*Asks:* 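Structure in structure tokens, see below.
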Amino acid sequence: MAEAFNDKVLTGDKAARYAEVADEIASVLDGETNLTARMATVASMLASSFDHYFWTGFYVVDPLKERELVVGPYQGTLGCLRIAYGRGVCGAAAATGQTQLVEDVHAFPGHIACDGRSQSEIVVPVFDAAGELLAVFDVDSDKPAAFDTVDQAGIERILQATFG
Ligand code: SME
């Protein structure tokens, strides 16, 4: 009973914080059309809003390469520079166009360990207004199973509002 209640309270708090930071991001970016500025702001504001975020950033579709992502704005330790579609968690999100929620990165086939401290992650594809894949947004945690469907809904909503 108490556990269920506490879980609910925690879930409620996290969902509320996502709603709050969504408004804050929209307010900061009002009138700003530059894509790098928009991505940098989303990465910075989300990374500083949640303790369970360890690495936070974008891998952007490289228009000069065939099915390859290149690192974009991020907060955290040094990230890998390039990821092919289909490789690791980011590559899976790019190849399928679907959010990847990974409780244990070590159990994910082909996971790319840019920083050995990463234990779990969520990667959400980012689409533009025309529905074209623009990037993927990758959040890693140094704790196992740090992300759930509340994170997924919160992040997907912010990315859709900011880039869709
Ligand atoms: N974890 C990612 C690689 C990117 S970094 O962790 C910054 C993956 O397997 O796609």
Side-chain angles (χ1 to χ4, degrees), residues 7 10-22 24-25 35-36 38-62 65 67-128 131-164:
D7 280 348
L10 284 174
T11 303
D13 283 349
K14 189 163 68 170
R17 183 63 192 127
Y18 272 110
E20 203 174 51
V21 75
E24 291 164 355
I25 288 170
L35 214 49
T36 304
R38 295 181 76 80
M39 289 185 182
T41 301
V42 168
S44 172
M45 291 182 77
L46 279 174
S48 57
S49 295
F50 298 104
D51 286 341
H52 63 303
Y53 280 40
F54 172 72
W55 194 97
T56 311
F58 291 86
Y59 280 92
V60 183
V61 174
D62 187 342
K65 298 269 185 176
R67 291 168 66 80
E68 193 169 290
L69 303 165
V70 61
V71 78
Y74 68 92
Q75 300 272 317
T77 55
L78 180 64
C80 310
L81 295 187
R82 291 183 172 272
I83 299 175
Y85 281 34
R87 251 198 93 210
V89 187
C90 290
T96 62
Q98 285 176 352
T99 295
Q100 308 289 308
L101 193 52
V102 180
E103 291 195 345
D104 175 7
V105 295
H106 306 295
F108 192 93
H111 167 252
I112 307 158
C114 297
D115 189 311
R117 284 170 287 184
S118 284
Q119 301 285 333
S120 59
E121 69 179 282
I122 181 168
V123 182
V124 180
V126 183
F127 298 99
D128 65 15
E132 292 292 320
L133 185 72
L134 209 54
V136 301
F137 182 65
D138 176 12
V139 189
D140 293 18
S141 178
D142 56 359
K143 312 262 181 323
F147 305 102
D148 58 22
T149 53
V150 175
D151 295 284
Q152 179 172 351
I155 294 168
E156 286 178 350
R157 182 169 162 254
I158 288 169
L159 294 174
Q160 162 65 32
T162 310
F163 303 102

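Note: hydrogens, waters and symmetry copies are ignored here, and every other heavy atom, side chains too, is used. None of these values were measured; they are calculated from a predicted model. Residue numbers count from 1 along this sequence.
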*Asks:* At what distance, to the nearest 0.5 angstrom, does CD1 of I122 lie from OH of Y53?
*Replies:*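 Between atom CD1 of I122 and atom OH of Y53 there are 7.5 Å.
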*Asks:* Only one of V136, D138, I112 clears side-chain contact (heavy atoms from CB on, under 4.5 Å) with I83; which?
*Replies:*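 Option passing the side-chain contact (heavy atoms from CB on, under 4.5 Å) with I83: I112.
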*Asks:* State which residues pass side chain to side chain donor-acceptor pair (under 3.5 Å) with D140; sequence neighbours excluded, sorted by chain then number.
*Replies:*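 Listed in chain order: S118.
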*Asks:* Sequence neighbours left out, what passes side chain to side chain donor-acceptor pair (under 3.5 Å) with E103? Give chain and number order.
*Replies:*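 Side chain to side chain donor-acceptor pair (under 3.5 Å) check on E103 returns nothing, list empty.
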*Asks:* Just jot down the side chain to side chain donor-acceptor pair (under 3.5 Å) partners of H106, sequence neighbours excluded, or say none.
*Replies:*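 Partners of H106 under the side chain to side chain donor-acceptor pair (under 3.5 Å) test: none.
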*Asks:* Return the orientation label for the F137 and F58 ring planes: parallel under 30°, perpendicular over 60°, tilted otherwise.
*Replies:*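 F137 and F58: tilted rings.
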*Asks:* Tell me the ring pair (Phe, Tyr, Trp, His ring centres under 6.0 Å) pairs involving residues 79-102, sequence neighbours left out?
*Replies:*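 Qualifying pairs, neighbours excluded: none.
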*Asks:* Quick check: do Y59 and V70 have side-chain heavy atoms less than 4.5 Å from each other?
*Replies:*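 Not in contact.
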*Asks:* With the threshold set at 4.0 Å, does a side-chain nitrogen-carboxylate oxygen contact exist between R17 and E24?
*Replies:*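 So R17 pairs with E24 through a salt bridge.
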*Asks:* Mind checking what makes side chain to side chain contact (heavy atoms under 4.5 Å, CB included) contact with Y74, not counting sequence neighbours?
*Replies:*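 Residues passing side chain to side chain contact (heavy atoms under 4.5 Å, CB included) with Y74: W55, V71, L78.
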*Asks:* Pair R117, T77 - check side chain to side chain contact (heavy atoms under 4.5 Å, CB included), show working.
*Replies:* CA-CA 10 Å; R117 284 170 287 184; T77 55; 3.5 Å; yes
*Asks:* With a 3.5 Å cut-off and sequence neighbours excluded, list the donor-acceptor pairs that the side chains of residues 153-164 form with protein atoms.
*Replies:*
| residue | atom | partner | partner atom | Å |
| --- | --- | --- | --- | --- |
| E156 | OE2 | T99 | OG1 | 2.5 |
| E156 | OE2 | Q152 | NE2 | 3.0 |
| T162 | OG1 | I158 | O | 2.6 |

